[in-house]
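Here's the structure we're looking at; comments come further down.
Just so you know, these numbers use all the heavy atoms, side chains as well, and skip hydrogens, waters and symmetry mates.
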Amino acid sequence: MSIDHPSFGRISEDRVIIFDTTLRDGEQSPGFSMNLDEKLRMARALEALGVDIIEAGFPVASPGDFESVKRIAETVSDVVVCGLARSGGRKDIEAAGEAIAPARRRRIHNFISTSPLHMKYKLRMEPETVLELIASGNQAARRYTDDVEWSAEDGSRTEPDFLCRCVEAAIRNGATTINIPDTVGYATPEEMRAIFVMLRERVPGAEKVIFSAHNHNDLGLAVANTLASVEGGARQIECTVNGIGERAGNAALEEIVMAIRTRRDRYPFDDGIDTPKLLGVSRMLAMITGFDVQPNKAIVGRNAFAHESGIHQDGVLKNALTYEIMTPESVGWTKSSLVLGKHSGRAAFRDKLAAMGYALEESVVQQAFERFKVLADHKKTVFDDDIRALVDDESRDHERVRFVSLDLIAGSKRPAEATLELAVDGVTRAATVEGNGPVDAAFRAIQAVFPHEATLALFTIGAVTEGTDAQARTTVRLEEGGKLVDGQGADADTVVSAVRAYVHALNKLLVKRVRSEPEALIA
Ligand code: KIV
Ligand code: ZN
């Protein structure tokens with residue numbers, strides 16, 4: 001059996017649609033916020049990865065969210081761009097409709113809570129009012145697009161009869177996709193499977209829509225629940241790169257896709273994902289947000305394909321199938337991630353960026369290339385992650401405050417002294433400041449050049465790759481008026497990487513201030 005869908009045309013029963021919500025459910029979790037440029041970069045990478053739908057944000061939430069959904073809609077060409085809206089919010093639906101308008105294929109995603117707990121305490125609404133809002137919300141969304149998704153928030157804890165009535169109302173009033181989230185990550189796989197079987201059996205019109213799974217990971221069951229939902233008839237999977245998202249996160253895109261690919265005997269479904277790009281997209285997100293995945297994370301963790309025990313190594317050498325259920329190459333791990341050397345030219349650098357999934361403006365490529373040359377001079381081997389770190393830094397050229405140079409006197413014989421140059425709104429300013437060690441001197445110099453009230457809440461240094469010549473990768477968390485922002489920096493020089501991270505965080509704070517309280521700008 002197949003379905004006629006407004007965005008995808010005729011879709012067969014064995015196609016699963018990958019709905020990526022990294023930029024909405026993922027981005028809204030603490031510490032994972034991204035600026036416009038970072039979101040655009042992720043959106044391009046997700047499109048190249050082959051996801052079917054990008055949920056780009058919640059346009060009514062702030063002018064910044066509206067702008068980023070709109071810019072993503074203008075930037076990508078093929079993938080469906082989706083904006084989130086509350087079923088009961090006229091303004092939400094208007095904002096979502098306007099933000100997605102530039103996209104060639106667009107979707108509005110309406111949601112409202114349907115569980116007794118949420119209706120009584122969160123919404124303070126009677127079930128009949130919720131039903132009315134489902135109807136009016138979907139009708140309003142259909143004025144902007146034929147592709148309307150409706151979600152029953154806290155759907156897994158909703159009474160079955162009422163859930164059926166809600167889904168029926170949603171379909172009758174124009175929904176073409178019905179999403180049943182396990183919002184609080186409470187359900188078990190068998191429960192999720194049963195919900196979809198029930199809805200498909202009982203709800204009139206169910207055969208005309210696509211059912212969708214959206215599982216949170218509070219009990220570590222998000223991927224299992226998603227696979228069980230597919231067994232129950234769901235054909236859209238909502239997920240995020242690296243499983244980021246509210247609290248314990250959402251179902252991880254790379255895990256679901258590889259489970260389906262690896263176990264085709266149980267999940268005979270097709271998707272559009274170009275799996276060798278999975279690692280690159282995962283690394284890109286980690287670099288942007290500053291949150292690495294844990295080493296033992298399935299598919300994209302550093303140890304995911306590392307065989308440590310002698311018995312395993314011996315088996316793999318004799319026949320990889322003894323301990324490998326999928327090849328590392330199939331998800332983007334290459335035997336040698338050595339990329340380029342100091343003799344590599346601009347064209348090779350550009351090709352490498354394209355192969356890694358980057359589509360960058362020429363000015364960013366040029367600046368990143370200059371830094372690559374400097375790095376290649378210092379470092380024997382330049383790895384993919386080195387390139388990602390460089391590009392990540394150089395893609396911030398729209399920021400108000402930019403790092404220009406740092407000169408340091410440090411050591412055990414005298415106080416450290418930092419001479420720092422920053423470009424502020426295009427004008428270079430400098431200061432020379434002493435401190436208790438080089439990092440302290442450098443951070444004080446930032447304060448002298450660009451006075452601000454934020455305080456340092458966290459400072460961590462790691463290495464981008466292995467070896468003593470590895471680039472340092474620094475995370476700086478700043479706090480101002482209860483707001484926390486994380487900045488990342490990378491450089492062959494540890495203190496320069498720390499300054500870059502500090503300046504990145506400062507810029508994020510400036511964007512936040514402009515959004516919420518324009519008059520509060522200090523510098
Ligand atoms: O988890 C959830 O219920 C959601 C909805 C907005 C779909 O993210
Ligand atoms: Zn969610």
Next on the checklist: Checking salt bridge (charged side-chain N to carboxylate O under 4.0 Å, His left out) between Arg261 and each of Asp270, Asp271, Asp274, which is the one that passes?
Outcome noted: Asp271
Checklist entry - Any donor and acceptor pair, going by atom type alone, linking the side chain of His109 with main-chain N or O of Glu149 inside 3.5 Å? => result no
Item to check | Asp147 backbone acceptor or donor facing Thr145 side chain under 3.5 Å | outcome: yes
Next on the checklist: I'd like to know whether Asn215 forms a side chain to side chain donor-acceptor pair (under 3.5 Å) with Thr226, so could you lay out the CA-CA distance, the side-chain angles of the two residues, the decisive distance to 0.1 Å, and finally the verdict.
Outcome noted: CA-CA 6 Å; Asn215 293 295; Thr226 302; 3.0 Å; yes
Checklist outcome for this item: Nearest heavy-atom contact between Lys508 and Ile288 is NZ-O, 4.4 Å
Checklist entry - Does Met198 offer a backbone N or O that forms a donor-acceptor pair with the side chain of Glu201 under 3.5 Å? => result no
Checklist entry - Under a 4.5 Å cut-off applied to non-hydrogen side-chain atoms, are Asp486 and Gln488 in contact? => result yes
Item to check | Step-by-step salt bridge (Lys or Arg N to Asp or Glu O under 4.0 Å) determination, Asp161 to Arg202 | outcome: CA-CA 9 Å; Asp161 287 349; Arg202 286 183 48 186; 2.8 Å; yes
Next on the checklist: Checking the side chain of Thr262 only, and the main-chain atoms of Ala259 only, is there a donor and an acceptor separated by less than 3.5 Å?
Outcome noted: no
Next on the checklist: Whether the side chain of Arg193 engages the backbone of Ser229 through a donor-acceptor N/O pair (distance < 3.5 Å, no angle test) should be reported.
Outcome noted: no
Checklist entry - Does the pair Val80 and Phe8 meet the rule for a side-chain contact (heavy atoms from CB on, under 4.5 Å), with working shown? => result CA-CA 9 Å; Val80 176; Phe8 302 111; 3.8 Å; yes
Next on the checklist: Strictly distance-based, threshold 3.5 Å: is any side-chain N or O of Arg247 a donor or acceptor partner for the main-chain N or O of Asp218?
Outcome noted: no
Checklist entry - Is a donor on one side and an acceptor on the other found under 3.5 Å between the side chain of Glu153 and the backbone of Thr114? => result no
Item to check | Derivation of the salt bridge (Lys or Arg N to Asp or Glu O under 4.0 Å) call for Arg105 and Asp52 | outcome: CA-CA 10 Å; Arg105 300 198 288 168; Asp52 299 289; over 6 Å; no
Item to check | side-chain contact (heavy atoms from CB on, under 4.5 Å) between Leu199 and Phe211, worked out | outcome: CA-CA 9 Å; Leu199 292 173; Phe211 282 92; 3.9 Å; yes
Item to check | Thr75 and Arg44: CA distance, side-chain angles, deciding distance, side-chain contact (heavy atoms from CB on, under 4.5 Å) verdict | outcome: CA-CA 8 Å; Thr75 303; Arg44 287 193 203 100; 3.6 Å; yes
Item to check | Euclidean distance, Asn110 CG relative to Ile134 CD1, rounded to 0.5 Å | outcome: 10.0 Å
Item to check | Residue pair Ser115 / Lys120, side-chain heavy-atom distance below 4.5 Å | outcome: no
Checklist entry - Do you know the tightest heavy-atom contact between Ala222 and Asn250? => result CB-C, 4.1 Å
Item to check | Pair Arg283-Asp292, side-chain contact (heavy atoms from CB on, under 4.5 Å): steps then yes or no | outcome: CA-CA 8 Å; Arg283 300 298 306 142; Asp292 263 335; 3.2 Å; yes
Item to check | Side-chain (Glu55) to main-chain (Cys82) donor-acceptor, under 3.5 angstrom | outcome: no
Next on the checklist: For Gly232 versus Arg200, what's the shortest heavy-atom pair and its separation?
Outcome noted: O-NH1, 3.2 Å
Item to check | Point-to-point distance, once rounded to the nearest 0.5 Å, from CG of Leu133 to CD1 of Ile112 | outcome: 4.5 Å
Checklist entry - Judged by atom type as modelled, is there a donor-acceptor pair below 3.5 Å linking the side chain of Asn173 to the main-chain atoms of Ala169? => result yes
Checklist outcome for this item: Thr177 and Ser212 have their tightest heavy-atom pair at CG2-CB, 3.9 Å
Next on the checklist: Using every non-hydrogen atom in the two residues, find where Val230 and Arg235 come nearest and quote the distance to one decimal.
Outcome noted: O-NH1, 3.0 Å
Item to check | CA sep, side-chain torsions, deciding dist, call: Asn225, His216, side chain to side chain donor-acceptor pair (under 3.5 Å) | outcome: CA-CA 9 Å; Asn225 283 347; His216 280 271; over 6 Å; no
Checklist entry - For Tyr267 and Glu231, what are the C-alpha separation, side-chain angles and deciding distance, and is it a side chain to side chain donor-acceptor pair (under 3.5 Å)? => result CA-CA 8 Å; Tyr267 305 104; Glu231 284 172 12; 3.0 Å; yes
Checklist outcome for this item: Distance col, row Ile244:CD1 vs Cys239:SG, nearest 0.5 angstrom, shows 11.5 Å
Checklist entry - Is there a donor-acceptor contact under 3.5 Å from the side chain of Gln471 to the main chain of Ala389? => result no
Item to check | All side chain to side chain donor-acceptor pair (under 3.5 Å) counterparts of Asn242, not counting sequence neighbours | outcome: Ser282
Checklist entry - What closest approach, in Å, do Thr240 and Thr22 show between heavy atoms, and which atom pair accounts for it? => result CA-OG1, 3.4 Å
Checklist entry - Any chance CZ of Arg266 has more than 12 other-residue heavy atoms, nucleotides or ligands included, within less than 6.0 Å? => result no
Item to check | Partners passing side chain to side chain donor-acceptor pair (under 3.5 Å) against Ser136 (at least two apart in sequence or in another chain) | outcome: none
